[in-house]
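In what follows, every heavy atom counts, from backbone to side chain, and hydrogens, waters and symmetry copies are set aside. None of these values were measured; they are calculated from a predicted model.
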Amino acid sequence: MLNRRIQIIHSYVPIGLLVWLLFWFIPYYDQTERIILFAVFVVVPLTLYRVIESAKQKPLFLLKLLVSQIPIGAMALAVSFLLSPGIVAGLLSIPWGFVTVWIAVTGAFLFIKRTANLAELSKGIGFLYISIGGIWVVAHQFGVPLLGFQGHIMLLTVNHFHYAGFVAPVLFGFLHDSQWKSSFSRIMVVLGGIAPILIALGITYSPLVEWVSVAVFTLSLLLYSVLVFFSIIPKATGWTKGLHILASSVIWITMALAVTYGFGEWTGQPTLMISTMIFFHGWGNAILFSFIGVLAWHATLMDQETARIPFSLIQGKGKIGADVFANLAVLDHAPKHKPTGLVDDMQTYRSARFNPDRIDEDIIRFYEHTDEYELHLSPNWSSGFKRPARVYKLMSQWLEQMNFPLEAETSELQVKSVILPILDERDGREQVRAWVRTYIPSRTAIYAALYSTHVSEDTRYMNIAFPLPYSQMTSILQLQDAADTLVLTSWPSEGLSGDQGVYLVINQKAIRLPINETITVWKDPESPKGEIEARHDMWLFGVKFLTLDYRIFKRT
């Protein structure tokens, strides 16, 4: 339940980006409002997902509120910006104000009480700051002045606390964690934590304080950039390196503009037009520093999490099909031990969460002697995915990989199932075998998968690779037993970390996908010997899209 809600917040990022792009065609928003809406629809959900996903504690009650309120608040604020400040516009802005308050409460719950950890404290400060932006946007939309300010300057303050106030301290927290709490990163965290509120106070009371606080914040950001270039980028690979370079480089430009603008305000001789600042400083910080910066740390943390997982070296070269492993020349034609099942011995998976002695012997035999069994499946696509499933079927039928049927298999659609030995040296993992299932009349493959295992932190995982064109998808499953039932799942365990998950792997660069699956296998006490049942549930962004019901029985 908890992990599904986190994935739902994850889904708000691509959906929000699409909605925000559609809003671009509405001519009534000014540039500052568009920047704020980019935070509301894209940057805030992405930052929340990344922080909560990596947090040790995850408050379920607060997540329930955020999951339900974020889309309501975002859409209501977008409509509010279409109206002139007043009663109606103000009322429509209140839901987003509540969202920022809940984010602040979440930050207090997750991090503030851990004051000894500067990294966590920095993230918590960012969560608190965004509520200031929420208060100011509600006041602006009601047309109520705050601290003597009214009009466009209030929206600039909203913008400030959604980016400099919210995102920057979070990025500082991620960096401080990776720096093993170095002195330079401590200075960065302290300066970055106090500077956003000092800037707001300076704008309110003193141009000198404003300029000095901008200089302090600039110092913290430049320190962040230098530390990323010297300690993070050299270790990063692929696009992770490129994301960090882009996000950390742009700071030198945007903050030079900020210092120049602040100096002009202090001296009373403006040096830059506010429109210039909005275009270069505002958009630069919104997209390149904040959005790309959070993506860079998202990729960095994924790289760290997947570094210990052995992924298959085998990738497809276009269409997959039933003969993919013969075409790739990875079959072992003289194996020392010919595999007969998906695993050799279920006892090797014994752990604190899985005791094979509690599982019915028919289930154990199926996994150890899979080639003796026949499977009939019945698919149940969720109502919202039935139309997309037809489009997916066109692609999967051509690709002949993960080619799930739209309707239940019949006697006319008999399925052939074979276990094939694979050369370990070509795959890169140990004791690899392939399971290929094809429709007998057409010889069209349902799927072709490479099965292996790996051990991490005293837990053995089932490691399954599905070759795709010039890539592969890997599902890492943890085995559990519950009431004589075998459960294999990619969902993270509540409160515990692990390797389980579904990953897209391109040349050994792994990206964790917002997809999860759980396979539940049981034995009906009234069913004949040799017959078991299974249910395969799949989720996208925490929303179930497909259930495959299996009837499994020994061939006669």
Test item: side-chain donor near acceptor, [X] and [Y], under 3.5 Å:
X	Y	answer
Thr547	His536	no
Thr474	Gln472	yes
Ser490	Glu517	no
Trp283	Gln31	yes

Are side-chain heavy atoms of [X] and [Y] found at a separation under 4.5 Å?
X	Y	answer
Phe174	Leu301	yes
Ser396	Met402	no
Leu91	Phe142	yes
Thr32	His152	yes
Met538	Asn516	no
Val391	Pro388	no
Leu219	Phe217	no
Leu504	Leu468	yes

Does a sphere of radius 6.0 Å around CZ in Phe184 hold more than 12 heavy atoms from other residues, nucleotides or ligands, not counting ones at 6.0 Å or beyond?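 At most 12 heavy atoms, drawn from other residues, nucleotides or ligands, come within 6.0 Å of this atom.
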Over 12 foreign heavy atoms within 6.0 Å of CH2, Trp491: yes
Give me the atom names and distance for the closest heavy-atom approach of [X] to [Y].
X	Y	value
Leu128	Ala104	CD2-O, 3.6 Å
Ala119	His176	N-CD2, 3.5 Å
Phe291	Val43	CB-CG2, 4.1 Å
Phe38	Ala286	CE2-O, 3.7 Å
Ser80	Ala89	OG-O, 2.6 Å
Thr100	Gly134	OG1-CA, 3.4 Å

Do any N or O atoms from the side chain of [X] and from the backbone of [Y] form a donor-acceptor pair under 3.5 angstrom?
X	Y	value
Gln500	Thr489	no
Ser471	Pro469	yes
Ser68	Lys64	yes
Ser290	Ile287	no
Tyr129	Gly193	yes
His160	Leu156	no
Ser122	Pro169	yes

Atom [atom1] of [X] and atom [atom2] of [Y]: how far apart are they, to the nearest 0.5 Å?
X	Y	atom1	atom2	answer
Leu222	Ile251	CG	CD1	7.5 Å
Phe172	Leu223	CZ	CG	8.0 Å
Leu92	Ile87	CG	CD1	11.5 Å
Arg535	Thr518	CZ	OG1	9.0 Å
Leu227	Phe229	CG	CZ	12.0 Å
Ile103	Ser131	CD1	OG	9.0 Å

Considering only distance and modelled atom types, tabulate donor-acceptor pairs under 3.5 Å from the side chains of residues 379-387, sequence neighbours left out.
residue, atom, partner, partner atom, Å
Asn380, ND2, Asp549, OD2, 2.9
Trp381, NE1, Pro405, O, 3.4
Ser382, OG, Lys544, O, 2.8

Angle between ring planes, Phe404 versus Tyr392, binned at 30° and 60°: parallel, tilted or perpendicular? parallel
Between [X] and [Y], is the gap from one ring center to the other below 6.0 Å?
X	Y	result
Phe166	Phe161	no
Tyr12	Phe41	no
Tyr49	His298	yes

Verdict with supporting geometry, Val167 and Leu171, side chain to side chain contact (heavy atoms under 4.5 Å, CB included): CA-CA 6 Å; Val167 177; Leu171 299 183; 4.0 Å; yes
Would Tyr470 and Ile506 satisfy side chain to side chain contact (heavy atoms under 4.5 Å, CB included), going step by step from the backbone distance to the final call? CA-CA 7 Å; Tyr470 306 100; Ile506 304 173; over 6 Å; no
Side chains of residues 236-250: which donor-acceptor pairs under 3.5 Å do they make with residues two or more places apart or in other chains?
residue, atom, partner, partner atom, Å
Thr237, OG1, Lys509, NZ, 3.2
Thr240, OG1, Asp303, OD2, 3.0
Thr240, OG1, Lys509, NZ, 2.8
Lys241, NZ, Ile233, O, 2.8
Lys241, NZ, Ala236, O, 3.3
His244, NE2, Thr300, OG1, 2.7
Ser248, OG, His244, O, 3.0
Ser249, OG, Ile245, O, 2.6

Run the salt-bridge test on Lys319 and Glu400 with the 4.0 Å N-O cut-off and return the result as yes or no. yes
Does this structure show an ion pair linking Arg512 with Asp499, if we count only N-O contacts that are shorter than 4.0 Å? no
Assess whether side chain to side chain contact (heavy atoms under 4.5 Å, CB included) is satisfied between Asn507 and Gln315, documenting all intermediate values. CA-CA 8 Å; Asn507 296 328; Gln315 299 183 154; 3.5 Å; yes
Cationic tip of Arg34 above Trp24 ring, under 6.0 Å, 45° of axis: yes
Between Leu121 and Asn117, does a side chain to side chain contact (heavy atoms under 4.5 Å, CB included) hold up when you go through it step by step? CA-CA 6 Å; Leu121 182 61; Asn117 188 325; over 6 Å; no
Out of Ile511, Thr306, Leu513, which residue meets the side chain to side chain contact (heavy atoms under 4.5 Å, CB included) rule with Tyr503? Thr306
